Amino acid sequence: MNIPEDVWKKILSLMEREMTSTTINTWFDDARAVALEGDRFVLYTPTAFKRDIITARYVPAVQGALKELFSSDFQVTVLTEGELESYQGEAAASDFLPGTEEYTFERFVVGSSNKFAHAAAEAVANNPGKSYNPLYIHGESGLGKTHLLYAIAHRIHQRHPEYRIIYIKGDAFTNELIQAIREGKNQQFREKYRSADVFLMDDVQFVAGRASTQEEMFHTFNTLYEARHQIVFTSDRPPKEMLRLDDRLKTRFEWGLLADIQPPDYETRVAIIKNKAIRMGMELPDAVLQYVAENITSNVRQIEGTVNKILAFQDLLGDSVDVKTVTRAVQDMFKDKSDILPTADVIIEEVGKFYSIDPDLLRGQARSKEVSLARQIAMYLIRRMTTLSLKEIGREFENRDHSTVLSSITRIEKLVKHDPDTSEVVKDITANINTHFES
């Protein structure tokens, strides 16, 4: 499937409403689409004469067709032979956040549920360090927070290629710090992050409750803020709900602007599905759009995953896309969350990641205080999130007897009720486990 070419065919079809077939054939018979990237559509024509005519007379018509297809404004670039080679060389040499090129403001579908966060993110991208610093975007997983972070990064990089832009996830920041401490490279670690012109952290909630990480974050924040360098955070909750976060960090996170993202409404879901399908070279019937929008209601990532599955189903089986076909293709995606249970392996793996402990240690006989607590939390979560019996849970931990398992679960139940730190830990790990079933 050649997505730029598929889009170009639709553009030509739309332009035929306003132009004669002679005009289309004269100027566009040997034109071909090169790329559809962010807010830019790149077209190639073999002669400089045609390039000049298309640029002077017909680019507005191409932009109008793109606007009709995507409800977004596009730049249109027309290249000829030598320019095409230069463009392809530049594209190959680009290594800024590879694999994230599609996450731009132009590809972010705006609706009532995310309009404020989108506007704030765009304001920051247009005037880094001058508007809303820090910007703190929060909302449930899969609603587009990471998309906005990447969009900010790409917009700033496009306008200020000399800026040093750092994107990192909260847990990766912690892991890098641990490695720096082990290797005696604390100073290099600090220089890396405190010299950023733009600092973007995804899932900042994972720094909460980690003393060394919070200390490092505090000083990094102060250094960047005082230098008026842009800071943007995303999280699954506002700072005031991060009970294990230091008060001084809570205060700083709230210095700028807090913007939340809610699940998309019906109209926005339809627009997301339509936009995603067209970008993949396919136009879905209205009945299919409505069916998916009515059944996938809370998660943008799952909506996009549904469209991907529909397209794969059609490509592999060649079936026409109608409601019956779609139902067959994605029926497993319409299950209630209660129908989808994590495995013990997934839970043990996520607990291990959270505590930076090898899963084999959790399953084994190690008795250090941290390993024992992590193991008990794993048992508690397996009991709570699966249908395994106490005996079956014991088998996951080198055949521990059911009384040991029960004692561990009872201890964590009491801690969750009476100890805010443990309650927050369990909440964070549960959120990580649930991400396995979002797309």
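Computation of the quantities below employed the complete heavy-atom set of this structure, encompassing side-chain atoms and omitting hydrogens, waters and symmetry-equivalent molecules. Source: prediction; values computed, not measured.
With a 4.5 Å cut-off on side-chain heavy atoms, Asp246 and Phe218 do not count as touching. Contact of the Ile412 side chain with the Leu415 side chain is registered, since non-hydrogen atoms from C-beta on lie closer than 4.5 Å. When side chains are defined from C-beta on, Asn222 does not count as touching Tyr225, because their heavy atoms never get closer than 4.5 Å. The shortest distance between side-chain heavy atoms of Leu66 and Val7 falls below 4.5 Å. Using a 4.5 Å cut-off on side-chain heavy atoms (C-beta onward), Asp236 and Ser141 make no contact. Between Val232 and Met201, every side-chain heavy-atom pair lies at or beyond the 4.5 Å cut-off. Between Phe74 and Leu69 there is no side-chain heavy-atom pair separated by less than 4.5 Å. Using a 4.5 Å cut-off on side-chain heavy atoms (C-beta onward), Leu143 and Gln262 make no contact.
Asn186 and Gln188 are not linked by any side-chain donor-acceptor pair at a separation below 3.5 angstrom, with hydrogens and angles left out of the test. Side-chain atoms of Ser113 and Asp265 form no donor-acceptor pair, as typed in the model, at a separation below 3.5 Å. Counted by atom type alone, Thr343 and Asp345 present zero donor-acceptor pairs between their side chains at under 3.5 Å. Counting only N and O atoms by type, the side chains of Arg40 and Thr77 include a donor and acceptor under 3.5 Å apart.
Every residue two or more places apart in sequence or in another chain that forms a side chain to side chain contact (heavy atoms under 4.5 Å, CB included) with Ala125 is listed here: Phe105, Ile152, Arg155, Ile156. Taking His402 as the reference, nothing meets the ring pair (Phe, Tyr, Trp, His ring centres under 6.0 Å) condition, with sequence neighbours excluded. Listed by chain and number, the residues in a side chain to side chain contact (heavy atoms under 4.5 Å, CB included) with Thr213 are Phe173, Thr174, Leu177, Val207, Arg210 (sequence neighbours excluded). Annotation: ring pair (Phe, Tyr, Trp, His ring centres under 6.0 Å) contacts of Tyr44 (sequence neighbours excluded): none. Not counting sequence neighbours, the partners of Tyr136 by the ring pair (Phe, Tyr, Trp, His ring centres under 6.0 Å) test are Phe253. Residues passing the side chain to side chain contact (heavy atoms under 4.5 Å, CB included) test with Asp286, sequence neighbours excluded: Leu289, Gln290. The side chain to side chain contact (heavy atoms under 4.5 Å, CB included) search around Ser13 returns none, not counting sequence neighbours. Shown here are the side-chain hydrogen bond (donor to acceptor under 3.5 Å, both in side chains) partners of His154, two or more places apart in sequence or in another chain: Thr100.
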Exercise. What do the steps show when you test Val34 against Leu43 for side chain to side chain contact (heavy atoms under 4.5 Å, CB included), and what is the final call?
Worked result: CA-CA 5 Å; Val34 175; Leu43 198 62; over 6 Å; no
Exercise. Would Asn133 and Trp255 count as a side chain to side chain contact (heavy atoms under 4.5 Å, CB included) if you check the C-alpha gap in whole Å, the side-chain angles of each, and the deciding distance to 0.1 Å?
Worked result: CA-CA 7 Å; Asn133 197 23; Trp255 273 355; over 6 Å; no
For this session: Before giving the answer on side chain to side chain contact (heavy atoms under 4.5 Å, CB included), spell out for Glu122 and Leu148 the whole-Å C-alpha distance, their side-chain angles and the decisive distance to 0.1 Å.
Result: CA-CA 8 Å; Glu122 196 159 28; Leu148 287 178; over 6 Å; no
For this session: Could you go through the side chain to side chain contact (heavy atoms under 4.5 Å, CB included) check for Leu249 and Met217 one step at a time?
Result: CA-CA 8 Å; Leu249 279 177; Met217 173 59 70; 3.9 Å; yes
Please tabulate, for the side chains in residues 365-373, all donor-acceptor contacts under 3.5 angstrom to protein atoms that are two or more places apart in sequence or on a different chain.
residue	atom	partner	partner atom	Å
Gln365	NE2	Glu398	OE1	3.0
Ser368	OG	Val371	N	3.4
Ser372	OG	Arg367	O	3.4
Ser372	OG	Ser368	O	3.0

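Across all their heavy atoms, Asp260 and Ala117 have their closest contact at O-CB, 4.1 Å.
Shown here is Arg159, whose CZ atom has more than 12 heavy atoms of other residues, nucleotides or ligands within 6.0 Å. For Glu294, the CD atom is densely surrounded, since the number of other residues' heavy atoms within 6.0 Å is greater than 12. The neighbour count for Tyr103 OH, taken as heavy atoms of other residues, nucleotides or ligands under 6.0 Å away, does not exceed 12. Other residues, nucleotides and ligands contribute at most 12 non-hydrogen atoms within 6.0 Å of the OH atom of Tyr132.
The main-chain N or O of Val198 is never found under 3.5 Å from a side-chain atom of Gln230 such that the two would form a donor-acceptor pair. Checking side-chain atoms of Asn114 against main-chain N and O of Val109 turns up a donor-acceptor pair under 3.5 Å. In this structure a side-chain-to-backbone donor-acceptor pair under 3.5 Å is present from Thr223 to His219. Here the side chain of Asn127 pairs no donor or acceptor atom with the backbone of Lys130 at under 3.5 angstrom. With Arg375 contributing its side chain and Leu361 its backbone, the two residues share a donor-acceptor pair below 3.5 Å. In this structure, the side chain of Lys145 does not engage the main chain of His138 through any donor-acceptor pair within 3.5 Å. A distance-only check finds a donor-acceptor pair linking the side chain of His229 to the backbone of Ala196 [under 3.5 Å]. Using a distance-only test at 3.5 Å, with no hydrogens or angles considered, no donor-acceptor pair links the side chain of Arg107 to the main chain of Asn275. Using a distance-only test at 3.5 Å, with no hydrogens or angles considered, a donor-acceptor pair links the side chain of Thr410 to the main chain of Leu406. Of the possible donor and acceptor atoms, one in the side chain of Thr386 sits under 3.5 Å from a partner among the backbone N and O of Ile382.
Between the CD1 atom of Ile409 and the OH atom of Tyr380 there is a distance of 9.5 Å, given to the nearest 0.5 Å. The structure places CG of Leu135 at 10.0 Å from CZ of Phe233, a figure rounded to the nearest 0.5 Å. The OG1 atom of Thr404 sits 10.0 Å away from the CD atom of Gln376 when rounded to the nearest 0.5 Å. Interatomic distance, CG of Leu97 versus OH of Tyr167, reported as 8.5 Å (0.5 Å rounding).
Under the salt bridge (charged side-chain N to carboxylate O under 4.0 Å, His left out) criterion, the residue pairs touching residues 174-203 are Lys169-Asp202, Lys169-Asp203, Glu176-Lys192, Glu183-Lys185, Arg190-Glu216, Arg194-Glu216, with sequence neighbours excluded. Applying the salt bridge (charged side-chain N to carboxylate O under 4.0 Å, His left out) definition to pairs two or more places apart or across chains, those involving residues 387-397 are Arg363-Glu396. The stretch residues 403-424 participates, sequence neighbours left out, in these salt bridge (charged side-chain N to carboxylate O under 4.0 Å, His left out) pairs: Arg237-Glu424.
Remark: aromatic rings of His157 and Tyr163 are distant, center separation not under 6.0 Å.
A salt bridge is defined here as a Lys NZ or Arg NE, NH1 or NH2 lying under 4.0 Å from an Asp or Glu carboxylate O, and Glu254 with Lys250 fails to meet this definition. A salt bridge links Arg248 to Glu215: at least one charged side-chain nitrogen sits closer than 4.0 Å to a carboxylate oxygen.
Ring geometry, Phe108 versus His147: the interplanar angle exceeds 60°, so the pair is classed perpendicular (tilted spans 30 to 60°).
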